[in-house]
Amino acid sequence: MVSILVDADGCPVVDLTIAVAKKFDLKVILLCDTAHYMQRDGAETVMVSKGADAVDFVLVNRVKKGDIVVTQDYGLAAMVLAKQGFAIDQNGRWYTHENIDQLLDSRHMSKKIRQAGGRLKGPRKRQKEDNEKFERSFIELCKMATKD
């Protein structure tokens with residue numbers, strides 16, 4: 001059975017993810033560290049010690065082939081793809097074998113710019129339309145992941 005694992009630290013679509021998962025009768029597991037602990041009806045919460053990438057490591061060890069992961073982290077998404085899972089970000093973009101290398105390269109370049117003292121523009125403020133786009137895309141991913 002497909003499970004949905006959510007990298008819940010700072011994830012703006014936790015409640016929306018749970019609502020959609022309920023329509024597909026899918027189990028939702030929220031993974032968060034002690035600084036971001038959350039509990040929601042309709043989801044299991046796994047709390048992880050605070051630390052760099054601690055949630056990511058626990059999540060990737062739990063993901064199975066066909067599971068869906070909601071994350072903003074390109075590195076985590078790459079590991080999920082390697083385990084034959086599905087990954088989607090909070091804006092509804094699916095991480096795929098076709099786009100993950102470019103995303104990782106972009107992240108690497110951004111880090112180099114910041115380390116050299118450069119500044120990059122942050123993400124724009126989240127809009128209602130962003131949630132609607134996520135919901136549409138997530139529903140399609142759930143349909144694909146659960147079809148026999």
Side-chain angles (χ1 to χ4, degrees), residues 1-111 120-148:
M1 180 173 165
V2 174
S3 293
I4 299 169
L5 296 96
V6 181
D7 182 3
D9 293 345
C11 180
V13 292
V14 169
D15 294 329
L16 193 50
T17 298
I18 294 168
V20 170
K22 193 176 288 186
K23 295 176 186 177
F24 289 90
D25 197 29
L26 296 174
K27 179 179 183 177
V28 176
I29 303 167
L30 306 176
L31 292 102
C32 54
D33 68 26
T34 54
H36 299 97
Y37 182 73
M38 68 176 64
Q39 212 168 356
R40 298 287 195 285
D41 288 338
E44 172 189 339
T45 299
V46 174
M47 187 171 56
V48 175
S49 301
K50 189 175 174 187
D53 300 321
V55 169
D56 297 350
F57 292 124
V58 171
L59 192 153
V60 82
N61 284 320
R62 284 179 156 249
V63 73
K64 301 177 308 298
K65 179 179 179 179
D67 284 347
I68 300 171
V69 173
V70 180
T71 185
Q72 301 176 54
D73 186 310
Y74 301 159
L76 176 57
M79 291 186 283
V80 169
L81 292 174
K83 292 189 79 172
Q84 299 181 332
F86 299 99
I88 185 171
D89 75 7
Q90 74 280 0
N91 296 318
R93 174 180 48 200
W94 295 10
Y95 298 104
T96 66
H97 293 286
E98 289 74 30
N99 70 9
I100 197 66
D101 286 340
Q102 186 267 328
L103 293 169
L104 289 168
D105 285 344
S106 173
R107 179 179 77 167
H108 177 70
M109 291 304 297
S110 295
K111 183 178 180 181
L120 299 169
K121 190 174 180 180
R124 65 177 172 71
K125 185 174 178 182
R126 189 160 184 84
Q127 305 293 317
K128 179 181 175 189
E129 296 80 29
D130 296 321
N131 287 342
E132 293 166 355
K133 183 178 173 189
F134 170 81
E135 183 176 21
R136 285 191 305 272
S137 184
F138 187 55
I139 287 170
E140 289 306 308
L141 184 55
C142 289
K143 286 178 184 176
M144 186 179 79
T146 58
K147 75 177 176 182
D148 296 322

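Bear in mind the structure is a predicted one, so any value in this text is a computation, not a measurement.
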When Ile18, Val6, Asp89, Val70 are each screened for side chain to side chain contact (heavy atoms under 4.5 Å, CB included) with Val13, the one that passes is Val70
With Ile139, which residues qualify under side chain to side chain contact (heavy atoms under 4.5 Å, CB included), at least two apart?
Val20, Phe24, Glu135, Lys143
Tell me, please, which residues at least two apart from Phe86 pass ring pair (Phe, Tyr, Trp, His ring centres under 6.0 Å).
none
Partners meeting salt bridge (charged side-chain N to carboxylate O under 4.0 Å, His left out) with Lys50 (sequence neighbours left out):
none
Sorted by chain and number, sequence neighbours left out, salt bridge (charged side-chain N to carboxylate O under 4.0 Å, His left out) with Asp53 holds for none
Are Leu59 and Arg62 packed together at the side-chain level, in the sense that at least one heavy-atom pair is separated by less than 4.5 angstrom?
no
How far does CG of Leu76 sit from CG of Asp7, to the nearest 0.5 angstrom?
5.5 Å
Which atom of Val60 lies closest to which atom of Val80, heavy atoms considered
CG2-N, 4.4 Å
What residue pairs, at least two apart or across chains, pass salt bridge (Lys or Arg N to Asp or Glu O under 4.0 Å) with a residue in residues 12-22?
Asp15-Arg40
Listed partners of Arg136 passing side-chain hydrogen bond (donor to acceptor under 3.5 Å, both in side chains), at least two apart
none
Taking the side chain as every heavy atom from C-beta outward, state whether His36 and Val55 have any atom pair closer than 4.5 Å.
no
Non-neighbouring partners of Lys125 that pass salt bridge (charged side-chain N to carboxylate O under 4.0 Å, His left out), sequence neighbours left out:
none
What are the two closest non-hydrogen atoms of Gly42 and Val28, and how far apart are they?
O-CB, 4.1 Å
side-chain hydrogen bond (donor to acceptor under 3.5 Å, both in side chains) filter on Ser137, not counting sequence neighbours, yields Trp94
Taking the side chain as everything from C-beta on, heavy atoms only, tell me whether Cys142 gets closer than 4.5 Å to Ile4.
yes
Roughly how far, to the nearest 0.5 Å, is the SG atom of Cys11 from the CG atom of Leu31?
11.5 Å
Can you tell if the side chain of Pro12 reaches within under 4.5 Å of the side chain of Gln72, non-hydrogen atoms only?
yes
Backbone N/O of Gln127 and side chain of Asp130: donor-acceptor pair under 3.5 Å
yes
Interatomic distance, CG@Leu5 vs NZ@Lys64, rounded to 0.5 Å, equals 7.0 Å
Here the salt bridge (Lys or Arg N to Asp or Glu O under 4.0 Å) pairs for residues 76-88, sequence neighbours left out, are none
Could you measure the distance from the OH atom of Tyr74 to the CG atom of Leu81? Nearest 0.5 Å is fine.
13.5 Å
Mind checking what makes salt bridge (charged side-chain N to carboxylate O under 4.0 Å, His left out) contact with Arg126, not counting sequence neighbours?
none
Which residues pass the side-chain hydrogen bond (donor to acceptor under 3.5 Å, both in side chains) test with Asp9, not counting sequence neighbours?
none
What's the verdict on side chain to side chain contact (heavy atoms under 4.5 Å, CB included) for Phe138 and Ile68, showing C-alpha distance, side-chain angles and the deciding distance?
CA-CA 9 Å; Phe138 187 55; Ile68 300 171; 3.8 Å; yes
Which heavy-atom pair separates Gly66 from Val2 by the least distance, and what is that distance?
O-CG1, 3.5 Å
Any non-hydrogen side-chain atom of Tyr95 less than 4.5 Å from a side-chain atom of Thr71?
yes
Working to the nearest 0.5 angstrom, can you tell me the gap between Asp67 CG and Leu26 CG?
9.5 Å
Around Asn61, counting heavy atoms of other residues, nucleotides and ligands shown, do more than 12 lie under 6.0 Å from its CG?
yes
Mind checking side-chain hydrogen bond (donor to acceptor under 3.5 Å, both in side chains) for Lys27 and listing every partner two or more places apart, or none if nothing turns up?
Glu44
Which atoms form the tightest heavy-atom contact between Met47 and Tyr37, and what is the distance?
SD-CD1, 3.5 Å
